[in-house]
Amino acid sequence: MSLTGKHILIGISGGIAAYKIPELIRSLVKSGAEVRVATTRNALEFVTELTLQTVSGHAVYSDVFAAINAHATEHISLPEWCDAMIVAPATANILAKMSAGIADDALTTTICSCVARKPVIIAPAMNDKMWENPAIQQAVRTIRGWQNVSVLDPDEGVLACGTSGKGRMPEVEVLQEAIEYALAPQTLAGQRILITAGGTQEKIDPVRFISNYSTGKMGVALAHACARRGAEVTMVCGSMSAPLLNPYGRIRRIDALSAQEMYNACMEAWPQMSSAILCAAVADFRATEISTEKIKKRAGQESMTLSLSLNPDIAHSLGENKKPGQRLIGFALETEAEKTNALSKLERKNLDAIVLNSLREEGAGFGVDTNRVSLLSADGNSKELPLLSKSEVAESIIDTFLR
Ligand code: C5P
């Protein structure tokens with residue numbers, strides 16, 4: 001999602017995970033945002049003021065009484081300036097202070113004047129024993145009850161002290177995704193959207209399968225964009241290498257490697273869905289028999305023939321079972337007579353719209369971060385989009401077909 005023109009305020013408290021925040025700032029700036037930083041004194045033991053100032057391009061607010069701030073009231077003006085604030089890492093100390101409304105330094109005064117007015121995201125990070133402390137858990141429950149504030153769950157894994165447990169700060173990409181959730185228009189709130197993504201794998205024997213080049217990037221971009229806009233997403237995933245970010249658990253992931261498994265999962269989910277976007281590259285045929293043993297080549301064997309049987313067409317079946325009000329969007333990847341083939345597919349499968357990819361286009365198709373598509377709808381409207389990031393293509397599909 002583009003963050004051009006957005007103002008993001010980052011609050012850093014004194015935990016080891018603070019060393020990751022310059023990366024978050026760089027990533028936000030790269031997405032077009034302007035970033036400012038407020039910290040506790042302790043945070044600057046973990047990450048230097050100079051680093052934060054250099055990557056954000058702004059002075060860091062860390063001392064209420066520093067000479068530079070003598071006539072300014074940053075704890076009021078920064079929250080007014082920002083579109084969203086993230087506190088990362090949020091230590092046990094900051095959570096306890098926040099929940100009680102304590103404002104005794106640059107960061108806590110800033111948070112105190114921000115929570116009632118702007119979206120605030122909290123990313124707790126601490127040792128697992130501190131996270132389990134009932135006072136901290138109570139603080140988190142209190143904060144979660146506030147209207148504008150969301151608290152991310154810490155990740156499980158190796159902690160700074162060497163032990164393993166729940167307490168790691170979520171990765172920088174997840175923090176950015178959480179910020180994008182806070183800024184996205186909630187145009188899909190209350191909707192349930194089914195998305196298929198990735199390529200299917202059709203087993204031949206215990207060590208081989210038939211598949212395709214799909215990496216799931218377009219499906220992941222769609223799932224992210226729908227979830228950001230407030231939808232509950234059910235994502236049926238074939239083989240996928242694209243990472244799925246799910247900061248608030250709004251995406252329910254079902255792994256279904258074969259076309260038949262994907263079909264079963266989709267047919268079960270479809271009656272409860274408002275819409276479906278079928279982005280997966282589904283194998284049309286599967287091996288008629290899956291060998292229980294590894295198929296071996298015999299001495300002197302020059303060729304082999306594999307018998308294939310037709311797979312169910314998920315899009316077609318969902319189209320047959322479509323209820324009034326449900327919207328069904330398919331994808332088409334054609335190498336010849338592209339528009340004609342896509343439109344005939346749209347009609348045959350009872351789709352409301354189809355997204356036409358062309359493999360001929362430079363920068364479009366499998367594995368890349370960009371795509372060039374045409375949006376064709378059943379009412380005869382069509383729109384050709386320029387080469388865009390898959391995330392921008394996803395936004396455009398939603399704006400055009402899911403309004
Ligand atoms: O017929 P074709 O495979 O080209 O159709 C593409 C569209 O149909 C895509 O939306 C794809 O996800 C979907 N499809 C499906 N089940 C199949 C084959 C394709 O849902 N067995």
Side-chain angles (χ1 to χ4, degrees), residues 193-203 209-223 226 233-240 242 254-271 273 275-288 308-322 326-360 364-367 371 373-378 382 390 393-394 396-398 400-402:
I193 300 179
L194 173 67
I195 294 172
T196 65
T200 54
Q201 290 183 354
E202 303 299 334
K203 280 188 184 160
F209 55 81
I210 302 170
S211 192
N212 55 65
Y213 293 115
S214 175
T215 56
K217 280 189 175 175
M218 192 61 236
V220 164
L222 280 160
C226 289
V233 176
T234 298
M235 194 178 182
V236 180
C237 302
S239 154
M240 273 192 2
I254 302 172
D255 287 301
L257 279 180
S258 68
Q260 186 64 53
E261 284 168 348
M262 201 175 259
Y263 172 86
N264 295 345
C266 289
M267 289 300 276
E268 194 184 329
W270 184 223
M273 296 292 138
S275 306
I277 309 176
L278 305 178
C279 191
V282 184
D284 290 325
F285 294 94
R286 65 176 179 277
T288 305
L308 300 178
S309 305
L310 188 66
N311 268 329
D313 188 315
I314 303 165
H316 194 273
S317 302
L318 299 191
E320 275 180 340
N321 290 286
K322 193 167 66 171
Q326 280 185 314
R327 268 165 299 179
L328 185 57
I329 300 160
F331 271 67
L333 183 78
E334 303 293 335
T335 54
E336 48 168 349
E338 294 158 345
K339 205 165 168 182
T340 316
N341 282 339
L343 286 172
S344 99
K345 209 167 276 181
L346 181 150
E347 205 174 310
R348 225 175 35 245
K349 302 190 186 201
N350 193 23
L351 306 175
D352 297 286
I354 195 154
V355 181
L356 172 62
N357 292 281
S358 172
L359 261 191
R360 287 180 223 255
F366 294 122
N371 211 358
V373 303
S374 303
L375 307 182
L376 313 174
S377 84
S382 71
K390 284 187 173 165
V393 171
S396 192
I397 290 170
I398 294 170
T400 312
F401 299 135
L402 295 185

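First listed ligand is number 1; within each ligand, the first listed atom is number 1. Atoms considered below: every heavy atom in the structure, side chains included; atoms not considered: hydrogens, waters and symmetry mates.
Residue contacts with ligand 1 include Lys349, since one or more of its heavy atoms lies under 4.0 Å from the ligand. Every heavy atom of Asn311 sits 4.0 Å or more from the atoms of ligand 1.
Within the listing of ligand 1, atoms 9 (C), 10 (O), 12 (O) sit less than 4.0 angstrom from a heavy atom of Leu278. Residue Pro312 approaches ligand 1 through these ligand atoms, each under 4.0 Å from one of its heavy atoms: 17 (C), 21 (N). Taking every heavy atom of Gly330 and a limit of under 4.0 angstrom, the matching atoms of ligand 1 come to 10 (O). Those atoms of ligand 1 with a heavy atom of Val282 less than 4.0 angstrom away are 15 (C), 16 (N), 17 (C), 18 (C), 21 (N).
Distances between N or O atoms of Ala281 and those of ligand 1 include no value under 3.5 Å.
Although no hydrogens or angles enter the test, the distance criterion places a donor-acceptor pair under 3.5 Å between the side chain of Gln326 and the main chain of Trp270. At distances below 3.5 Å, at least one donor-acceptor pair connects side-chain atoms of Thr196 with backbone N or O atoms of Ala280. Formation of a donor-acceptor pair under 3.5 Å by the Arg327 side chain with backbone atoms of Phe401 is found in this model. Panel note: side chain Asn357, backbone Val373; no donor-acceptor pair is recorded below 3.5 Å. Under a 3.5 Å cut-off, the side chain of Asn350 and the backbone N or O of Lys322 do not form any donor-acceptor pair. Within the 3.5 Å criterion, the main-chain N or O of Lys339 finds no donor-acceptor partner in the side chain of Glu334.
For atom 16 (N) of ligand 1, the nearest non-hydrogen atom of the protein is Ile314 N, 3.0 Å. For atom 4 (O) of ligand 1, the nearest protein heavy atom (residue, atom name, distance) is Lys345 NZ, 2.3 Å. The closest protein non-hydrogen atom to atom 12 (O) of ligand 1 is Ala280 O, 2.8 Å. From the protein, the heavy atom lying nearest to atom 7 (C) of ligand 1 is Phe331 O, 3.0 Å. The protein heavy atom nearest to atom 13 (C) of ligand 1 is Ala315 CB, 3.8 Å.
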- Message: Walk me through whether Val355 and Leu375 qualify under side chain to side chain contact (heavy atoms under 4.5 Å, CB included).
- Response: CA-CA 5 Å; Val355 181; Leu375 307 182; 4.0 Å; yes
- Item | Residue pair Thr200, Ser258: steps toward the side chain to side chain contact (heavy atoms under 4.5 Å, CB included) verdict | CA-CA 5 Å; Thr200 54; Ser258 68; 5.7 Å; no
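Contacts of Ala332 with ligand 1, taken as heavy-atom pairs under 4.0 Å, are absent altogether. Under 4.0 angstrom from ligand 1, there are no non-hydrogen atoms of Leu333. At a 4.0 Å heavy-atom cut-off, ligand 1 does not touch His316 at all.
A side-chain donor-acceptor contact under 3.5 Å links Gln260 and Asn264.
In this structure the side chain of Leu194 reaches within 4.5 angstrom of the side chain of Cys266, judged on heavy atoms.
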